[in-house]
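Data first, discussion second: the structure below is written as structure tokens.
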Number of protein chains: 2
Amino acid sequence: MSTARDQILDTMCELLELQGYHATGLNQIIKESGSPKGSLYYYFPGGKEELSAEALSRVGLVVLNRIRQHLNTIDSPAQAVRDFIVNIAHNVEASGYRAGGPITTVAMETASSSDRLRLECQGIYTRWQDAFAAKLSSPDAPDEVAHALAGVILAAIEGGIILCRTSRSQKPLLNVADAMAILIDQRR
Amino acid sequence: MSTARDQILDTMCELLELQGYHATGLNQIIKESGSPKGSLYYYFPGGKEELSAEALSRVGLVVLNRIRQHLNTIDSPAQAVRDFIVNIAHNVEASGYRAGGPITTVAMETASSSDRLRLECQGIYTRWQDAFAAKLSSPDAPDEVAHALAGVILAAIEGGIILCRTSRSQKPLLNVADAMAILIDQRR
DNA sequence: GTCTATACACTGATAGAC
DNA sequence: GTCTATCAGTGTATAGAC
């Protein structure tokens, strides 16, 4: 199994989260991954765009599993979501406010310049939203309400990450965590 | 007064919103603004970073005034915020989902690479948040609660813009609008 | 103040030896 | 499959004529 390919992908995932799409050069990728440029184009003939799409897909799945796993550890939907967001806040802080929101930057950068990457991000966001929605449906809250609420939670998290990284503080996400818990308990 | 300087700034504001920081080249700026490169470095000796900082500052003030103005036209805080967010959704749609969130992309791109631009974005976000908070304080809601809630609203808007542009739909922001109205009415 | 020409590093991408 | 050398183009920034 090609570990070279995996290393390139892992490096790309990291750099996209840290710097975004346009700030990440292929030379940096091959340097940090230790793989030569020849291998990069051997494994990803589509170049930077194809490599980015696969990297996004990979990190999207990792996060999806993290969401599902975390939400399953706590029974109460409100407390589960709250705890999950608090956890993100801690991770963002732990990275020195350099990481967090692995697809956020790329989503904005490519929303109107690359349909391939935009659709990749859209698919990931949809799956994340569905994962939240699954935790929020109940006899009192029909699927449509749960899905809409899940979208609001996702938006607040993404925006909260932006504010945390910009202000170098956990507060925005912590406030989001509390607010979302309130919102979940009010749903019907 | 120098309209050349203004044209460069206006063009930069637009391009930063559409494409972000790293995707916007100085050559494109001078081409679209009609000003030569000599003028650019005459007015902005600090180069791209200084030009971007001033552009962000300008667009930040424009939006700040828009927030204040809009919130003043409706008495009920919940309805005012709701209406404001619905308005953003319409504007994002009207741009073909190419614009919206004039500092969002740059904030993420430069959060860990340029302290100058990061601090510029931080200041803008703080002022926007304060503007929302001013509308939300009341005898029942102390300033601290209002300020925290304003931060959540700001985060949900920023994230909602990302989801709208990525999915090419107004729905995420419309759901955010409804949710924020509920949240405001529940505050204490 | 305005503009052109250009310096020099770096970009994504390719060719071809091994 | 792996690697190097290199392409053509673009990036930011500067020098200097006018």
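Every chain is numbered from 1 and lettered A, B, ... according to where its sequence line falls, protein lines coming before strand lines. Predicted model, so just to flag it, every value in this text is computed and none were measured. Side chains included, hydrogens not; waters and symmetry mates left out as well; all remaining heavy atoms used.
For C/dT11, one of the phosphate oxygens OP1 or OP2 lies less than 4.0 angstrom from a side-chain nitrogen or oxygen of A/Asn27.
Atom NZ in A/Lys37 sits roughly 12 Å away from atom P in C/dC10 (whole-Å rounding). Distance A/Ile30 CD1 to C/dC10 P: 13 Å, rounded to the nearest Å. The separation between A/Glu50 atom CD and C/dG12 atom P is 15 Å, rounded to whole Å. Atom CZ in A/Phe44 sits about 16 Å away from atom P in C/dT14, given to the nearest Å.
Nucleotides of DNA chain D lying under 4.0 Å from heavy atoms of chain B occupy a range whose first and last members, 5' to 3', are D/dG11 to D/dT14.
Within 4.0 Å (heavy atoms only), A/Gly38 reaches at least one base atom of the nucleic acid.
In terms of the side-chain contact (heavy atoms from CB on, under 4.5 Å) criterion, residue partners of B/Leu64 (sequence neighbours excluded) are, by chain and number, B/Leu61, B/Arg68, B/Arg127, B/Trp128, B/Ala131.
Taken to the nearest 0.5 Å, the OG atom of A/Ser95 stands 7.5 Å off from the CD atom of A/Glu17. One distance of note links CD1 of A/Ile29 with CE of A/Met12; it measures 4.0 Å at 0.5 Å rounding.
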Step by step, work out the side-chain contact (heavy atoms from CB on, under 4.5 Å) result for A/Arg5 and A/Phe44. CA-CA 9 Å; A/Arg5 206 186 119 101; A/Phe44 307 95; 3.7 Å; yes

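Remark: the backbone N or O of A/Glu54 is not paired with any side-chain donor or acceptor of A/Glu120 at under 3.5 angstrom. Judged by distance alone, with hydrogens and angles left aside, the side-chain atoms of B/Arg165 form no donor-acceptor pair with the main-chain N or O of B/Gly101 at under 3.5 Å.
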